[in-house]
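Heavy-atom basis, side chains included; hydrogens, waters and symmetry copies ignored.
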Amino acid sequence: MSRIHEALKRAEQLRTVPLEAPPPVMPDVQVHGAETLSTPPPPRAILDPLDHTDPLIHSDVDTTTRAGEFLRFDDIWTHCANPGWRLDLERNVFIDPAAPPAVREQFRTLRSRLYQVRDKQPLRSILVTSSLPGEGKTFVANNLAHALSRQQNCRVLLIDADLRRPDLHQGFGAPISPGLSEYLKGEAPEMTVIQRGLPEYLCFIAGGRKPENPAELLANGRLRSLLTMIGPVFDWVILDSPPTLPVSDALSLAEMCDGVLTVIRAAQTGFDSAQKSCQQLRDKNLLGVALNCADEGVSYGSYYSEELKAGVAN
């Protein structure tokens, strides 16, 4: 009984002692610039093609991002360059009123086929090349990126990796520099070389000023690191490259991409050149061939018609 009395006495004393309020619980947050972001889950290497949630990756290259912080698509869209694009009608079939509707439909068909491939294998980064100059690879890369970005909330990054003849910026009415060459030389961080504009969710990296050693720059590891870092933020990454036969750049770039699309120009590309180019790319996950400037009456399924021959740019 004495123990019971002692317990009751202690309980009575506790009721008369004021209790201190517990310390406030501080949220676990990390600060990025002026925004406060919740601690993210681990990064995801590959996204489902219909999953448009924001992937997260760690940035150890961006000098504006401190260690321990994470990069989102919104970060890129907010902090990248916005020079104000003026799209060239003759290079973009989706905004050119003179372009036949069948041409736009062929790019949509190409887009659908790429999604069909992605249903069977990982496919996010695509290299667009050709066997020789003048076959229309830059035109294909440009319009393929626009076709993909026209889907709702589809995030696309187009990169001009043809450092020997950078030309993609012409179709955007965008500055050529700072671009990929400046980034590869360590002269510019990625947020200054990534551009945005219209349409929404399409980003672009220009080629930059022509370097003296393009092959060495592309192989120095910085491009691979860039693709590893920001690639998962985008649904698709399209790279335009030099042709395969004159130089070795395309083969090096193919090692960094999930698949390769090669462009052949009808009635111009020789059979031997086309065959040799495809053989070189066969072990680089060659996805297929886009036949450019073919007569629709002769070649059903060509990616665009002879009517756009004047608009093809390399």
Side-chain angles (χ1 to χ4, degrees), residues 27-87 92 95 124-125 142 145-161 168-169 171-184 186-208 222-239:
D28 184 11
V29 298
Q30 295 180 344
V31 178
H32 181 89
E35 298 179 356
T36 300
L37 305 177
S38 300
T39 302
R44 292 178 292 173
I46 297 175
L47 295 180
D48 182 88
L50 299 180
D51 181 7
H52 294 296
T53 56
D54 282 333
L56 304 170
I57 55 175
H58 182 262
S59 172
D60 58 356
V61 180
D62 183 8
T63 57
T64 66
T65 304
R66 295 176 300 175
E69 296 178 335
F70 291 84
L71 185 66
R72 298 175 182 265
F73 179 78
D74 287 345
D75 296 327
I76 294 178
W77 195 256
T78 301
H79 299 293
C80 70
N82 185 13
W85 294 341
R86 295 184 178 180
L87 301 182
N92 190 320
I95 63 174
R124 180 187 305 276
S125 55
N142 180 28
H146 280 276
L148 291 165
S149 68
R150 293 177 77 85
Q151 300 175 111
Q152 184 177 7
N153 297 333
C154 185
R155 297 163 296 196
V156 181
L157 174 63
L158 177 62
I159 302 177
D160 191 346
L168 268 172
H169 66 285
F172 285 87
I176 190 174
S177 179
L180 183 61
S181 63
E182 285 80 16
Y183 172 78
L184 296 179
E187 297 175 357
E190 68 269 15
M191 285 301 177
T192 65
V193 301
I194 300 175
Q195 303 179 24
R196 68 175 175 91
L198 295 175
E200 194 174 6
Y201 298 121
L202 175 60
C203 293
F204 170 58
I205 298 179
R222 286 183 62 84
L223 178 56
R224 185 183 294 274
S225 297
L226 179 67
L227 294 175
T228 300
M229 185 185 67
I230 68 174
V233 174
F234 293 89
D235 297 292
W236 293 96
V237 179
I238 308 298
L239 290 85

Atom of Ser177, atom of Glu182 and distance for their closest heavy-atom approach: OG-OE2, 3.1 Å
Asn82 CG to Arg196 CZ distance, which is reported to the nearest 0.5 Å: 4.0 Å
Heavy-atom donor-acceptor pair, Thr192 side chain to Ala188 backbone, under 3.5 Å: no
Non-hydrogen atoms of Leu227 and Pro232 that approach each other most closely: O-CD, 3.9 Å
Partners meeting ring-ring contact (aromatic ring centres under 6.0 Å, His included) with Phe204 (sequence neighbours left out): Phe172
Results of side chain to side chain contact (heavy atoms under 4.5 Å, CB included) for Glu200 - residues two or more places apart only: Trp77
Full working for side chain to side chain contact (heavy atoms under 4.5 Å, CB included) between Cys154 and Tyr201: CA-CA 6 Å; Cys154 185; Tyr201 298 121; over 6 Å; no
Point-to-point distance, once rounded to the nearest 0.5 Å, from CG of Asn153 to CG of Asp235: 9.0 Å
Donor-acceptor contact below 3.5 Å, side chain Thr78 vs main chain Asp75: no
Interatomic spacing from CG in Leu202 to OG in Ser149 - rounded to 0.5 Å: 4.5 Å
With sequence neighbours excluded, residues passing side chain to side chain contact (heavy atoms under 4.5 Å, CB included) with Pro83: Ala81, Trp85, Pro175, Gln195
Rounded distance [0.5 Å steps], CD1 in Ile95 versus CG in Leu87: 4.5 Å
Any Val233 side-chain heavy atom under 4.5 Å of Ile76 side chain: yes
Stepwise side chain to side chain contact (heavy atoms under 4.5 Å, CB included) test for Ile230 and Leu157: CA-CA 9 Å; Ile230 68 174; Leu157 174 63; 3.6 Å; yes
side-chain contact (heavy atoms from CB on, under 4.5 Å) partner of Ile238, the single match among Leu158, Leu168, Asn142: Leu158
Side-chain heavy-atom pair Tyr183, Pro178 within 4.5 angstrom cut-off: no
Validation row: Val156, His146 side chains within 4.5 angstrom (heavy atoms): no
Close side-chain approach of Ile159 to Leu180, heavy-atom, < 4.5 Å: yes
Approximate separation, where rounding is to 0.5 Å, of His79 NE2 and Glu190 CD: 11.5 Å
NZ or CZ of Arg155 within 45° of Phe73 ring axis and under 6.0 Å: yes
Test side chain to side chain donor-acceptor pair (under 3.5 Å) applied to Ser125 - qualifying residues, sequence neighbours left out: Asp258
